[in-house]
Structure formats: C-alpha cells, structure tokens
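Quick notes on the structure that follows.
Here is how names work: the chains are called A, B, and so on, in the same order as the sequence lines, proteins then strands, and each is numbered from 1.
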Amino acid sequence: MMPMKNYILTLTIFLPLIGAVLLLFINNEKKNLLRYFSLIISVITFILSLGLFFGYRDNQVGFQFVTKFEWIKSLNISYHIGIDGISLLLILLTTFLTPITILSTWESIQTKVKEFLFFFLVLETGMIGVFASLDLFLFYIFWEAMLIPMYFIIGIWGGENRIYAAIKFFLYTMFGSLLMLVAIIALGVSAMNQLGYFTTDYTVLKTISSNLLYSTQLLMFLAFALSFAIKVPVFPFHTWLPDAHVEAPTAGSVILAGVLLKMGTYGLLRFCLTLFPQISIDLAPYLSVLGIIGIIYGALVSMVQPDMKKLIAYSSVSHLGFVVLGIFAMTIESAQGALIQMINHGLSTGALFLLVGMIYDRRHTRLISEFGGIAKVVPIYSTILLIVSLSSIGLPGLNGFIGEFLILIGTFKSSVLNSYWYAAFAATGVIFAAVYLLWMYQRVVFGKLENQHNKDLKDLNSREIGLLLPILLLIVWIGIYPSTFLNKSELSIKNILKEVNPTKVELIKK
Amino acid sequence: MITNYFYIAVILPFIGFLFNGLLGSRIKNEKIIGWIGSGVVGIAFLIAVFSFIEVISLPVGERKIIIPLFKWIAVERLDISFSYLIDPLSLVMALVVTGVGFLIHIYSIGYMHGDKGFWRFFAYLNLFIFMMMNLILADNFVLMFLGWEGVGLCSYLLIGFWYDRKFDKSTTADAAKKAFIVNRVGDFGFLLGMFLIYKTFESLNFEEVFVLATKIPLNEVTITLITLFLFIGATGKSAQIPLYVWLPDAMAGPTPVSALIHAATMVTAGVYMVSRCSVLFVQSEVTMMIVAVVGAFTAIFAASMGLVQNDIKKILAYSTISQLGYMFLASGVGAFSAAIFHLTTHAFFKALLFLGAGSVIHAMHEEQNIKNMGGLKTYLPTTYKTFLVASLAIAGIPPLSGFFSKDEILWETYASGYYVLYLIGLITALMTAFYVFRLFNLTFEGKPRFPSHIHPHESPKVMTVPLIILAILSAIGGFIGIPEVFSGEKGNLFKNWLHPIYEPAETYLFHVNLHSHATEILLMIISVLAGVAGILMARHFYLKSIKPIDWAISKFKKLYNVLFNKYYVDEIYDLLIVTPIVKVSEKFLWKINDTLLIDGFINGTAEIINDLAKVIRKVQTGIVQFYALIMIFGITLIIFLLLI
C-alpha cells in the first residue's frame with residue numbers, strides 16, 4: 001500500500017506526455033489554442049512539482065515519493081521512481097523552465113506549431129523521468145526518449161546548418177548511451193551472479209557493484225562516465241555543443257543548456273559516485289583536471305567568439321567544468337555547490353539564450369559586430385542583460401557566486417584531491433568569466449549607436465519581460481537566501497558522499 | 001540604542017537605489033531624484049554620527065556591537081550570515097563613507113544637472129554607498145567580499161556612465177571593463193586567501209578567525225600565504241603595483257565619481273581590509289615587509305608619473321595611487337592607525353581636490369588639460385580658495401590635516417627602522433608638493449591661456465557649499481590625531497580610539513622605540529621643509545620662469561617621455577599578457593584544437609565508418625549461393641580452430 005500522495009510524482013512525469021497526446025486532437029490552424037494549451041499543461045506540471053517541493057521532508061534520509069510497480073517481470077525490471085533532494089531541485093528546474101520556454105516561442109515559432117509543442121512536452125516528460133528514475137533500465141528509457149524530440153527540435157526548427165548539428169548531437173550522445181546500456185546490462189548480469197536474479201534496480205545494484213572485480217568496475221565506470229561526460233559536456237567531448245546551440249531554435253537552446261546538460265552531471269553524481277565509489281575516488285583527480293580544463297578552455301574559447309550564441313555555448317563548457325570539479329572534490333561544500341551551480345547555470349544561461357533569441361528575432365543576426373550602443377534604444381533589454389551577465393560572472397549577491405564559491409572552497413579543502421592547485425587553477429575561471437561576458441556586453445550594448453539597422457530596435461514587450469522576471473527573481477533569491485534550496489539537498493548530498501567514502505567524509509550534526 | 005539599528009543606514013541607500021533605478025526615468029524631476037538620492041545617504045550619516053556618540057560613551061571593552069540579520073550561506077561548518085559589526089574601525093569608515101559620500105551626492109545635483117542619465121547616476125551612486133557599507137560593516141570575509149565586488153560593479157557602471165564617449169585612445173566602456181577585470185585579478189587573490197583561511201581556521205567569521213589566530217600555533221608558510229593572497233586583493237582594489245593600471249583610466253567617469261569612488265572611499269578598501277586583518281598580517285614578517293615595500297614604491301612611482309601629466313584628473317589619479325601607497329607603507333610597518341588616519345584626512349582633501357577639479361572642468365566646458373587653463377582664480381574664487389586649502393593639506397603644511405597624518409606615517413616608518421623606505425616617503429612628499437602646486441599654479445595662477453570665447457564662471461551653491469565644508473575638514477581634520485609629542489598626557493586621540501582593534505596585533509610587533517621626541521620633532525621639521533621646497537619649486541618653475549622646465553624637458557626628452565607615457569606599463573601588459581591570451585585562444589584553442597583536431601577526429605571517424613560501410617555493403621550481393629559459400633568457409637574455419 002502506498003499513500004496517495006506518492007502518485008503526484010508519476011503525475012508530474014506523465015502530465016506533459018498526456019498533454020502532448022491531447023495536443024494532437026487540436027486543429028493545426030488554431031495556433032494560439034495550441035500554445036495556450038501547452039502553456040497551461042506545463043504550468044500545471046510546475047504547480048505539481050511545487051507540491052513535491054513543499055511535501056519533501058528535508059530532514060529525512062533516503063528517497064521520498066517512492067512508487068514501484070513490476071514492469072518486465074522476467075527481468076525484474078520495475079517502474080521504480082522516487083526523489084531525494086538532488087532530483088527534487090533538478091525536477092523543479094525543469095518544470096520551472098519549460099513554461100517560460102514555451103512562452104518564449106509565442107512569436108518565434110510559426111511553422112509546424114503543433115509538432116513543435118508536441119515534441120516539447122514529450123521532452124519534458126523525458127527530462128523529469130530521468131531525474132526520478134530509480135531503476136537503471138527505466139532511466140535509460142527516459143534518457144533515450146528525450147534524445148528524439150531534441151533531435152527533431154534542432155533538425156526541423158533549427159538554423160541553416162541544422163541537419164549537421166542535429167546528427168552530430170544525436171551520434172555523439174547515442175555513442176555514449178549505448179556504452180551505458182552495455183554497462184547497465186552487465187551490472188544486471190553481475191547481480192544475477194551474486195543474488196541469483198537479474199535486476200536493474202538502482203537501490204539493489206549499488207549494494208552489489210562494489211563486490212565486483214576492480215577491473216570490471218573500472219570498465220563499467222568508464223562506460224557510464226563517458227556517456228555522462230559527453231552529455232555535460234566535459235572537455236574534450238564538447239564540440240557537439242556549440243554546433244547544437246547555434247543551430248537550435250532559442251527554445252531548444254534554453255532547454256538544452258538549462259536541463260539536458262544537467263543530466264550528465266546528475267548521472268555522475270547519482271550513479272558514477274554511488275555505484276563505483278572506489279573507482280570514483282581513484283579517478284577523481286583525472287576527472288577534476290578535465291573539469292578544470294573545461295573551466296579555462298571554455299572561457300578562453302568563449303572570449304574570442306564572434307557569435308553571441310556560440311559565446312554562451314562555450315561559456316556553458318566553462319560553467320559545467322565547475323560542476324564536475326565540485327562533484328569529484330567530494331566534499332559537502334563542493335557537492336552542494338555543484339548542485340546549486342547546476343540550477344544557477346540553468347537559470348543564467350537559460351536567460352542568456354532567451355535574451356540572445358529576443359535580439360535575434362528583431363535583427364536576424366547574432367554577430368556581436370552587428371551591434372554596439374544599443375543601450376540607448378533598448379534600455380530595459382540592456383539592464384536585464386547586465387543583471388543576467390553579472391549572475392553568470394558570479395557577482396556576490398546573485399546566484400552564480402553561491403555555486404562557484406561553494407565549489408571552490410570545497411575543492412580547496414578536499415581530502416580526496418588533497419592539493420591547493422585544483423582550486424587555484426579553477427579560480428582563474430572567475431577572472432575569465434568577467435572578461436568574456438563584459439567584453440561581449442561592452443561591444444553589444446555600449447559605444448556609439450552606429451549601425452542603421454539598430455536605430456529603431458524595439459525594447460522588450462511585456463510578454464518578454466514577463467517571462468524573464470521569474471528567472472530574475474530566482475537569480476536574486478538564490479543569491480541572497482540560498483538556504484531555501486541548500487537545505488533541501490544537504491542531507492541527500494551528505495548521504496551520497498557517505499556512501500562513497502565513509503572514512504573521508506565527516507558527518508557533522510548541527 | 002540607535003547603534004542596534006545601524007543596518008538601517010545600510011538599507012536606506014539601497015532603497016534609494018531601487019527608487020531612482022525603477023522610477024527615476026519616469027519621474028524626470030531632478031530635484032526629487034537628487035534630494036532623495038542624497039537624503040538617504042544623509043540619514044545614514046546621521047545614524048552613523050549618533051551611533052558614534054553612543055559607542056564613544058561606552059567603556060572601551062564594550063565597543064563592539066554585532067547586528068545579525070539572517071543566514072546567508074550555510075553548508076557544513078561554513079556558516080556565513082548577513083551580519084554587521086560595529087566597532088571603532090568600522091565606525092570611522094562608516095562616518096567617512098556616508099559623510100563625504102553625502103557631500104558628493106549634494107555636489108552631484110549641481111554637477112550632473114541636465115544630464116540625460118541623471119536618475120541613473122544617482123541610482124548607481126546609492127548602490128555604491130550600499131555596497132561600500134556592506135564592505136566595511138561586514139562581520140565576516142564573505143560578506144565583505146560581497147561589498148568588495150559590489151563596489152567594483154558600481155565603479156564599472158560609473159566609469160562607463162557615459163558609455164558612448166571616447167576616452168584617451170579608446171572608450172569609456174574600455175576603461176570600465178579594464179577596471180573590473182583588473183580588480184577581478186585581485187579578487188582571485190582575495191578568494192584564495194579566504195579558502196586558505198577556511199581551511200586553516202574552519203571559519204570565515206572575523207571574530208572567530210582573529211581570536212583563533214592568536215591562540216593556535218600557525219605555520220609560517222600558511223600565514224604568509226594567507227596574508228599575501230589577501231594583499232593581492234588589496235593591490236587590486238587600492239590600485240597598488242602591479243595592479244594600479246586601472247585607476248588612471250577610471251577617470252573616464254564623471255568627476256564626482258572620481259572623488260567618491262576613486263579617491264575617498266572605494267580605493268581605500270584595501271587599506272581597510274589589511275587593517276581589519278592586522279592580527280593576521282603582523283604574524284608574517286615577509287608579508288609585512290612586502291606590504292611596506294610595495295606601498296613605498298607605489299607612492300614614489302605614481303608620484304613620478306604625476307609630475308608630468310597635463311590632464312587635471314589624471315594628475316589627481318596618480319596622486320591618489322601615491323597617497324594610497326603611503327597608507328600601505330604605514331600598514332606594512334605596523335602603524336595601522338596611522339594608515340586609517342591618513343585614509344580619513346585623504347578622503348577630505350582628495351575629495352576636495354577632485355570636486356574642485358570638477359568645478360574647474362565645468363567652468364571650462366569640459367576642458368581638462370591644465371596647459372589650456374591659467375588665471376582661473378579671479379573667475380572661480382571659491383573653488384580657488386578651497387583648492388588651495390586642499391593643496392596645502394596634501395603637501396603636508398602644518399597645521400592642515402595632511403601634515404599630521406603623513407607625518408605620523410613617515411615617523412612610524414623611521415621609528416621601525418626602515419630608513420630607506422622613510423627616505424622614499426620623504427622624497428615622495430617633496431614630489432607631491434611639487435606636482436600639486438604645478439597643477440595649482442597652471443590652473444589658477446598666471447595669465448589665462450584659454451580661448452576668449454570661454455567665460456568661466458563660479459559653480460552654483462549646491463557645488464560650492466560641499467567644497468567649503470570639505471575645505472574646513474581638510475584644514476582642521478588633522479586635530480583628531482595630534483601626536484603625543486604635542487598633546488602630551490591625552491596622547492593621540494585617534495590612535496587611542498582605534499587601539500582596541502589593533503591591540504591583538506601589537507603583541508606581535510617588536511619595536512623598541514629608541515628614538516626620542518627630539519628626533520620626532522626634527523623629522524617633522526624636515527618633512528615640512530620638503531613640502532615647502534616642493535611648493536616653492538613649483539612656484540618658481542611654473543610661475544616665475546618656465547624656461548628651466550622647458551630646457552629640462554628637451555634635455556631629458558627620453559626620461560620625460562617614459563614618465564609621460566607612464567613607463568609604458570599598459571603597453572607592456574598588453575604585449576605580454578592580453579594579446580597572447582587572445583591570440584592563443586582564437587588561433588590555437590578554437591580554430592586548431594576545437595575545429596581542426598577534435599571535430600576533425602569526430603567527422604573523420606564518421607567518414608571512415610561511412611567509407612567502410614560502402615565497402616562492406618558490396619558483400620550484400622543478394623546471391624544466396626555466395627552466402628552459402630561464405631558460410632561453409634566460416635564453419636570450416638571454426639572447426640579447424642576448435643581442433644587445434
């Protein structure tokens with residue numbers, strides 16, 4: 001017997017899918033009806049997820065809202081879902097960004113509106129499902145399921161070079177996920193060897209995985225890690241990202257950066273760490289170094305981009321480098337920082353893509369050199385762009401700082417990494433972030449207004465301001481009072497780290 | 001107690017910021033915007049004054065009040081709150097920031113009159129005061145860092161305030177970006193310092209860290225690293241070698257900004273931070289030495305560049321860098337209260353110099369080159385008189401404020417045995433008097449050298465009244481810190497007031513004071529003579545006969561050019577750091593590594609698979625006999641392999 005309230009999680013996952021199916025019965029021509037309908041569905045999904053947020057008990061260890069049904073009986077594969085503080089925050093990020101993104105397509109998507117919204121809602125189900133799955137096979141299904149709508153979103157509504165970008169995106173991720181599938185099956189088989197039955201249940205597998213041979217564990221870890229690393233993307237698997245972003249429509253970029261990339265870091269945190277603790281600790285220095293290379297490399301390449309969207313895409317590589325570092329430093333500070341940085345990146349980079357999209361809608365170009373001095377004609381736009389850039393730069397008082405600060409301070413004292421150099425190198429990212437964003441801001445917004453095409457640029461309309469405001473609110477909220485979110489995840493993070501390394505993680509009772 | 005409500009003094013300017021920032025563009029009435037912007041700072045000043053009166057009446061041991069507001073970042077042992085610390089040091093800073101800040105706000109009402117961005121200006125200015133208050137009142141490193149970065153942001157916004165203007169060879173926007181980024185380099189040090197503090201003390205709270213620092217034995221390397229990292233942060237914010245390069249460019253902002261942010265308050269944040277952490281700094285002899293040396297060298301280095309500049313604001317900018325150098329020199333020799341004393345008097349006379357310069361620029365229709373001025377004293381009598389007071393104060397002429405504070409620094413340097421640094425300080429004093437009076441003479445004295453269509457006129461009251469108040473402060477401000485040698489029993493009031501702050505640090509300073517009062521008075525006379533000599537030289541060369549200077553310039557053309565071009569430091573930084581990073585990022589990282597290597601590999605693999613597929617496809621002929629043949633071959637092979 002399960003209490004009724006547990007169904008709320010299932011409902012949150014599948015409501016968008018139900019909405020997507022219902023969408024098919026609406027007439028193609030009624031574009032606004034289609035839009036309002038999808039918006040309402042996604043808003044209800046958000047409200048449901050708020051129910052999860054307020055219903056979640058942050059002083060209770062383990063997964064909550066757990067639901068479990070048998071699914072493929074012969075293989076012991078079950079529909080097993082549940083959330084802890086980590087998945088809770090990421091689900092909330094997903095359901096928060098989706099309605100905003102749908103609202104942002106109001107004017108920019110005019111062709112095949114129904115198909116677009118259909119894919120979008122299917123995508124949402126896939127994303128929430130990934131964060132809630134407690135069975136690896138189920139996880140894999142959701143993981144793949146969300147690949148397909150994204151492929152179409154880039155491939156149909158993208159820019160000129162969309163086919164190349166879509167295929168590159170698909171193949172890169174597919175390559176990784178196939179390896180992951182092999183590892184999942186291998187884990188299931190080893191469960192059979194140890195327990196006598198095949199299973200892909202995460203909660204069972206993590207009890208048996210550390211009994212495996214070191215070399216077996218290593219191979220499995222690498223299969224999982226590679227799949228996740230491509231998604232993040234960790235240097236040097238990042239080259240699909242700039243292409244995908246540049247070609248994707250704005251809404252695609254927002255969700256891609258805002259949520260999809262987090263699945264990689266979520267996977268590292270949830271599965272790599274707890275399934276293969278010893279390997280994680282042994283490989284932590286290498287993955288941390290890749291994270292740091294990502295931080296610096298992403299920032300430097302971002303700095304010299306002539307296209308705003310590509311610039312932001314590369315900045316994602318840099319920001320997610322911080323997350324990877326935070327996870328593998330394996331301190332409570334750094335892991336909490338990594339989680340909050342995932343949220344922050346979703347908000348700030350999501351907002352940056354929205355803002356670039358808005359200017360693209362008006363001018364049909366994203367080249368920095370096409371702009372300059374637009375502060376005069378679009379003051380509201382310029383102000384919001386500044387606030388979001390500052391949040392991305394990590395200005396204290398806004399959200400970005402909390403994540404970076406916690407990650408760096410945690411890395412600095414990390415006993416797993418045990419060297420100051422990690423934090424010292426990573427902290428240079430703080431300087432470079434200011435360079436690439438302020439330089440872009442200066443070239444776009446400041447200076448003399450010389451380009452004739454920009455002279456009668458229209459400032460943001462109320463729909464655009466309205467969809468940015470909730471993001472701005474959260475940017476400030478997390479910056480000033482992050483406890484609302486940190487409290488939700490602290491115990492879950494501690495728990496994961498305790499499982500990884502009971503000796504090195506000291507648990508302090510407050 | 002009013003002191004318990006001190007946070008209102010912090011929040012008020014923020015409310016002013018929100019009000020002007022959100023509604024300012026619609027209100028359009030300069031009076032409302034300007035007086036609300038100034039009013040909030042004025043009330044904050046009053047709160048500071050009343051709190052000061054309350055705190056001074058408390059027994060010395062109880063002069064520390066903590067106002068906790070709410071938790072900010074709490075993870076594990078990391079426990080950081082929005083909470084303010086009111087003690088003698090933060091009160092001095094708060095009085096200076098709100099007091100001088102208030103006067104500059106008022107002045108700006110006149111100076112910015114008619115500017116399209118009037119509301120924006122006041123919004124930024126209020127935001128600045130809010131951030132600065134956080135910086136000085138914070139009771140922990142992280143909140144201080146919030147203020148620290150926040151004032152940097154305001155500086156960025158205000159330097160680039162006229163974002164579509166040219167400045168020097170580039171633009172105001174460039175100057176703004178440079179300031180922010182150079183400061184970030186310093187902040188990188190600040191961050192590392194904080195990390196190491198957290199690792200060492202498991203806390204970032206001032207009280208906890210400073211108490212622990214005196215109790216647990218500290219590794220010498222650790223404490224040296226901590227303080228050096230913090231000092232890197234200070235060199236960024238307070239424009240010391242090697243990170244001073246942003247401050248001269250910061251003059252691209254409106255003049256009241258230069259007065260408030262880039263002279264009186266923000267740039268002194270580094271000095272304040274070192275002072276706040278005195279108990280950490282004194283535990284590393286190496287760091288203390290570096291602080292003193294960097295301070296002294298910056299003082300003389302910046303002064304030398306100030307000698308030959310012609311832009312009125314640039315001269316003052318170099319002067320600021322140089323005076324900040326004095327403050328670090330003082331800190332480095334352990335005379336923290338002398339540093340804060342000079343910080344205070346400098347806030348008065350340097351703000352006055354800048355505001356006076358603003359009044360001149362206003363009267364001259366945006367002309368800033370002193371070569372094109374002259375004879376302004378008859379046109380701008382109030383500006384002239386107040387500027388003279390400030391010039392005498394910075395030149396160290398008794399009994400004006402600069403005399404007491406600068407002399408205390410020189411004396412303390414000498415007394416702690418740093419004779420070379422003392423000498424540098426003394427020569428700098430001479431150079432200071434010289435460049436200030438060169439500026440003064442070329443601007444106000446002599447005959448007008450500007451075109452006849454310019455008719456300079458004195459600024460309105462709203463600008464001259466702040467000048468007069470600052471002039472009074474510059475004149476008498478030094479009396480709060482009359483040295484013991486004159487005041488006798490009572491001792492140095494300012495030093496006594498700050499004593500509880502530096503008490504823990506003093507136990508680590510071993511100076512045996514062998515020098516007598518006679519030496520102190522003798523040195524005082526020498527430094528006054530240096531100031532007088534500087535003034536007289538400037539008077540002689542720039543009023544009586546300009547020839548020797550022209551001769552010297554042509555004779556030492558190379559040296560002159562080096563000074564005039566600021567030792568080419570900007571160009572060197574560009575060549576060695578900026579250009580290589582940009583070029584490598586673009587040409588190598590992006591175009592070669594990303595596009596050619598990684599993508600080449602990926603796309604190459606795809607093509608190879610594609611080609612392979614084309615070959616293998618041929619095997620699929622559809623002829624069943626062919627498949628059967630292959631099968632037989634295969635089975636034979638397997639059997640063969642199994643048999644052996």
Side-chain angles (χ1 to χ4, degrees), chain A residues 168 171-172 236-240 242-243 297 300-301 303-305 314 331-333 336-337 373 375-376 379 386 390 393 395-397 401-402 405-406 408-413 420 423-424 427-428 430-431 433-435 438-439 441-443 445-449 480-483 486-487 490 508, chain B residues 21 25 70-78 82 131 134 142-143 145-150 152-153 156-157 160 163-165 171-174 176-177 180-181 183-185 187-188 191-192 194-196 198-199 202 204 581-587 589-590 593-595 597-599 602-603 606:
Chain A
K168 196 171 176 185
L171 288 182
Y172 244 116
F237 311 110
H238 64 277
T239 59
W240 65 270
D243 285 314
Y297 187 94
L300 288 177
V301 178
M303 179 174 72
V304 293
Q305 295 304 317
Y314 273 107
T331 58
I332 293 173
E333 290 92 334
Q336 278 277 57
K376 265 219 169 70
L386 180 68
L390 290 170
I393 287 171
L395 190 85
F401 173 72
I402 308 290
F405 182 75
L406 284 174
L408 290 173
I409 207 164
T411 305
F412 198 86
K413 60 164 260 194
Y420 298 160
T428 59
V430 171
I431 304 173
V435 177
L438 287 185
W439 195 23
Y441 189 77
Q442 173 195 344
R443 285 176 295 166
V445 171
F446 289 156
K448 271 204 162 41
L449 186 66
I480 302 288
Y481 198 72
S483 305
L486 289 173
N487 286 347
E490 178 146 2
I508 284 104
Chain B
S25 61
F70 59 91
K71 272 211 188 324
W72 183 21
I73 310 174
V75 173
E76 270 287 271
R77 288 190 198 153
L78 192 65
F82 266 87
M131 290 297 184
N134 273 299
V142 191
L143 186 57
F145 190 69
L146 176 133
W148 187 271
E149 289 260 293
L153 165 69
Y156 169 80
L157 292 171
Y163 52 79
D164 53 356
R165 291 198 190 174
T171 59
T172 53
D174 261 322
K177 183 191 65 187
F180 196 90
I181 290 167
N183 266 294
R184 272 255 155 162
V185 176
D187 296 347
F188 167 75
L191 276 175
L192 291 187
M194 280 200 279
F195 300 157
L196 199 49
Y198 182 60
K199 167 114 183 163
E202 294 202 321
L204 282 166
I581 288 183
V582 173
K583 285 272 177 277
V584 167
S585 303
E586 185 177 353
K587 301 279 184 247
L589 295 184
W590 179 33
N593 196 33
D594 247 38
T595 314
L597 293 181
I598 300 180
D599 261 4
I602 301 285
N603 293 340

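- In this structure, the portions of A:I393 lying under 4.5 Å from any heavy atom of chain B include both its backbone and its side chain.
- Looking at A:I409, both its backbone and its side chain come within 4.5 Å of chain B, counting heavy atoms on both sides.
- The line from CZ of B:R184 to CG of A:L395 is 6.5 Å long, rounded to the nearest 0.5 Å.
- Remark: B:K71 engages B:D79 in a salt bridge (Lys or Arg N to Asp or Glu O under 4.0 Å) (not counting sequence neighbours).
- A:T428 touches chain B through backbone and side chain together, each having a heavy atom under 4.5 Å away.
- Heavy-atom minimum distance, A:F405 versus B:I73: CD2-CD1, 4.4 Å.
- The candidate with the highest count of non-hydrogen atom pairs below 4.5 Å against chain A, out of B:L204, B:L196, B:T171, is B:L196.
- Annotation: side chain of A:Y420 is in contact with side chain of B:K199 (closest heavy-atom distance under 4.5 Å).
- With a 4.5 angstrom heavy-atom cutoff, A:L449 does not touch chain B via any of its atoms.
- Using a 4.5 Å cut-off between heavy atoms, A:W240 makes no contact with chain B at all.
- With hydrogens and angles disregarded, no donor-acceptor distance shorter than 3.5 Å links the side chain of B:Y163 to the backbone of A:V445.
- Looking at B:Y198 and A:F412, their side chains never come closer than 4.5 Å, going by heavy atoms from C-beta outward.
- Heavy-atom distances place the side chain of A:Q336, and not its backbone, under 4.5 Å from chain B.
- The part of A:Y314 that comes within reach of chain B is its side chain, from C-beta onward, which places non-hydrogen atoms under 4.5 angstrom from that chain.
- Interatomic distance, CD of B:E76 versus CG of A:L406, reported as 11.0 Å (0.5 Å rounding).
- Listed by chain and number, the residues in a salt bridge (Lys or Arg N to Asp or Glu O under 4.0 Å) with A:K168 are A:D243, B:D599 (sequence neighbours excluded).
- Contact of B:L191 with chain A is made through the side chain alone, with heavy-atom distances under 4.5 Å.
- Ring orientation note: the planes of B:W72 and A:F401 are close to parallel, at an angle under 30° on the 30°/60° scale.
- Annotation: maximal heavy-atom pairing with chain A below 4.5 Å, among B:D174, B:V582, B:L157, B:T172, occurs at B:D174.
- Two residues are said to be in side-chain contact when any heavy atoms from C-beta on lie closer than 4.5 Å; B:I181 and A:W439 fail this criterion.
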